[in-house]
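Worksheet for the structure shown next.
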Amino acid sequence: MIQTNKLKIFNDPIYGFISIPNTLIYDLIQHPYFQRLRRISQMGMSYLVYPGAHHTRFHHALGCLHIMQKAVQTLRFKGVEISDEEQNALFIAILLHDIGHGPFSHAMEHSIVEEIHHEELSLLFMEQLNKEFEGELSLAIQVFRGEYHRKFMLQLISSQLDMDRMDYLRRDSFYSGVAEGNINSERLIQMMNVQDDVLVIEEKGIYSVEKFLVARRLMYWQAYLHKTSLVAELTLTRILKRAKELTQKGVELEASKPLQYFMKNKVSLLDFDETILNTFSQLDDYDVLGAIKAWQFHEDYVLSTLCRMIINRDLLKIKMQDEKPSKEILNHYKEDFLKIKSLTDKELDYFIFKGKVKNQAYDKESEPIRILKKDKTIEDVVEASDQLHLKALSKTVTKYFICFPKVVLEV
């Protein structure tokens, strides 16, 4: 493949200028698979709560590439040997780590493209690009899969303190205006090192790690699991489920060809060949929003009502609580709604439902964030920290919710 592209610079509101390190990276960014990320929002329906949260996965991927460049530079400066080939593999793997996201990704994963995780699709996209780029992504794929012998390289891409988390916390905080999520990514990167082939943070960086974990917890409650964002995403999931259900019963729904394909067919990971992958790559937020705009006038009461809720931001009521809501409360809401609208039990479930969300800022069961102490010993951040709240951050907090139409009487 002839590479004639020049090196470019992107202007980013978070980091300033982001430079593209080589022509291969530039060609990957120029590829239609990657350009599609410009049309996929990073925070899903959160713009209904935070009007500024319209940034995309394209922004995020470039941010990750930038801080990976900084991390490699820091580690090399500290004497960690990283070859040019390994460096490039890290750049490619982090750039493409989210390429498998669909429109409003989590809503898609639970409705139309069922039981397929975006990371599995990212890998399929990477493998397809590897064919097109004549094997130049092979090492990046090996690292991404965790099959490369240098363990710390995977930790830079996917761990409890990876480049992905560092960028999305800082970026989502900036665009949403939720200041609690703002972290000092520069200092965290400067404190990175590698000991015995694992990624460590030098002891003097421990406070930055603590702030990172607290910021993550607060961002989850205040942004990602905000009750209005949550009910909007659940409504979107139900819209797509209803649309798929109607389509499979033979009802013709106005939608783009790629969206119709996934509504008409049950597609598993094993079915994903090059053709289906290309069809998936044609999907973005505009397909879904365009369809919702059309469906708000459909004669199906469930579909049109849910669509109007999203379009007009007139959502279901959501109550968050510490206790599991009882079946009696759920039935009370259903009986109340039946007095207003005659629906089947299945249709009622689209409007009245319960669920739970979990928030755990630090998972002690998975690979820890390691602190390199001055005496060269390594300790889990929870043990190394003198902050008692880090132990609390390791606990999973579960909150329950119940959603119901505003027209029913609250219990």
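Residue indices begin at 1 and follow the sequence shown. Just the heavy atoms: all of them, side chains too, but no hydrogens, waters or symmetry mates, feed the values below.
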Is a donor on one side and an acceptor on the other found under 3.5 Å between the side chain of R313 and the backbone of L48? yes
Any side-chain heavy-atom pair of D363 and T396 under 4.5 Å: no
Main-chain N/O of L230 paired with E233 side-chain donor or acceptor, under 3.5 Å: no
Has R216 got a side-chain atom pairing as donor or acceptor with A361's backbone, closer than 3.5 angstrom? yes
From C403 atom SG to K354 atom NZ, the distance as rounded to the nearest 0.5 Å: 12.5 Å
Between E245 and K249 (salt bridge meaning N to carboxylate O under 4.0 Å), is one present in this structure? yes
For side chain to side chain contact (heavy atoms under 4.5 Å, CB included), just list the numbers for K227 and V231, CA-CA rounded to whole Å, side-chain angles, deciding distance to a tenth of an Å, and then say yes or no. CA-CA 6 Å; K227 62 178 191 169; V231 75; over 6 Å; no
Whether S229 side chain and L225 backbone form a donor-acceptor pair below 3.5 Å: no
H59 ring center within less than 6.0 Å of Y175 ring center: yes
Using 4.0 Å as the upper bound for N to carboxylate O, is an ion pair formed by K334 and D345? no
Tell me if the aromatic rings of F280 and Y261 count as close, with their centers under 6.0 Å from one another. no
Side chains of D162 and S159: donor-acceptor distance under 3.5 Å anywhere? no
Does the pair E186/K70 count as a salt bridge with the N-to-O cut at 4.0 Å? no
Do the non-hydrogen side-chain atoms of L199 and L161 ever get within less than 4.5 Å of each other? no
When you compare the side chains of Q160 and S366, does any donor N or O come within less than 3.5 Å of an acceptor on the partner? yes
Can you tell me if H97 and E119 form a side-chain donor-acceptor pair at under 3.5 Å? no
Could you tell me if R38 sits above the aromatic ring of F58, with its cationic atom closer than 6.0 Å to the ring centre and no more than 45 degrees from the axis? yes
Could you measure the distance from the CZ atom of F144 to the CD atom of E127? Nearest 0.5 Å is fine. 10.0 Å
Quick one: does any side-chain atom of R36 pair with a main-chain N or O of Q282 as donor and acceptor, under 3.5 Å? no
Kindly say whether D314 contributes a backbone atom to a donor-acceptor pair with the side chain of N312 at under 3.5 angstrom? no
NZ or CZ of R238 within 45° of F353 ring axis and under 6.0 Å: yes
Answer yes if the side chains of R308 and Q296 hold a donor-acceptor pair under 3.5 Å, and no otherwise. no
Looking only at side chains, do Y33 and N278 share a donor and an acceptor under 3.5 Å apart? yes
Considering only NZ, NE, NH1 and NH2 on the basic side and carboxylate oxygens on the acidic side, decide whether K373 and E379 come within less than 4.0 Å. yes
Working for salt bridge (Lys or Arg N to Asp or Glu O under 4.0 Å), residues K211 and E180: CA-CA 10 Å; K211 183 169 188 301; E180 287 80 359; over 6 Å; no
Would you mind checking if R76 and D84 are paired as a salt bridge, meaning a charged N to carboxylate O distance below 4.0 Å? yes
OH on Y362 to CG on L213, rounded to 0.5 Å: 7.5 Å
Side chains of S173 and N182: donor-acceptor distance under 3.5 Å anywhere? no
Do any N or O atoms from the side chain of S46 and from the backbone of M43 form a donor-acceptor pair under 3.5 angstrom? yes
When you measure from the side chain of D164 to the backbone N and O of I94, does any donor-acceptor pair fall under 3.5 Å? no
In plain terms, say whether E202 and K78 are close enough for a salt bridge, that is, a side-chain N and a carboxylate O under 4.0 Å apart. yes
Do E367 and Q155 have side-chain atoms, one donor and one acceptor, less than 3.5 Å apart? yes
Mind checking the CG-CZ spacing from N130 to F125? Nearest 0.5 Å is all I need. 15.0 Å
Using side chain to side chain contact (heavy atoms under 4.5 Å, CB included), reason through Q69 and F91 one step at a time and then give a plain yes or no. CA-CA 7 Å; Q69 285 176 267; F91 292 168; 3.5 Å; yes
Relative to each other, are the rings of H118 and H101 parallel, tilted or perpendicular (30° and 60° limits)? parallel
Are any side-chain N or O atoms of Y301 and backbone N or O atoms of L343, one a donor and one an acceptor, separated by less than 3.5 Å? no
Strictly by modelled atom types, are E86 and Y148 linked by a side-chain donor-acceptor pair under 3.5 Å? yes
Check this for me, if you would: do R39 and D285 make a salt bridge, where the nitrogen-to-carboxylate-oxygen distance has to be below 4.0 angstrom? no
Could you go through the salt bridge (Lys or Arg N to Asp or Glu O under 4.0 Å) check for R57 and D98 one step at a time? CA-CA 7 Å; R57 296 208 173 264; D98 268 352; 3.4 Å; yes
Donor-acceptor contact below 3.5 Å, side chain W295 vs main chain C307: no
Go through I99 and L121 one step at a time and tell me if the side chain to side chain contact (heavy atoms under 4.5 Å, CB included) criterion holds. CA-CA 8 Å; I99 201 169; L121 289 177; over 6 Å; no
Can you give me the closest heavy-atom contact between A232 and M45, atom names plus distance? CB-CB, 3.7 Å
Any luck finding a side-chain donor-acceptor pair between N184 and Y207 under 3.5 Å? no
Can you tell me which residue among R171, R165, R170 is in a salt bridge (Lys or Arg N to Asp or Glu O under 4.0 Å) with D167? R171
Can a cation-pi geometry be assigned to K399 and W221, taking NZ or CZ under 6.0 Å from the six-membered ring centre and within 45° of the ring axis? yes
Less than 6.0 angstrom from the centroid, inside 45 degrees of the normal: does K244 satisfy that with respect to the ring of F262? no
With rounding to the nearest 0.5 Å, note down the distance linking CD1 in I371 to CG in D380. 8.5 Å
Taking all atoms of both residues into account, what is the closest heavy-atom pair of S394 and V382, and its distance? OG-CG2, 3.7 Å
Just how far is it from atom CD1 of I318 to atom NE2 of H226, taken to the nearest 0.5 Å? 10.0 Å
Short side-chain donor-acceptor distance under 3.5 Å, Y224 and D172: yes
Heavy atoms only: give me the nearest Y50-A223 pair and the separation to one decimal. CE1-CA, 4.0 Å
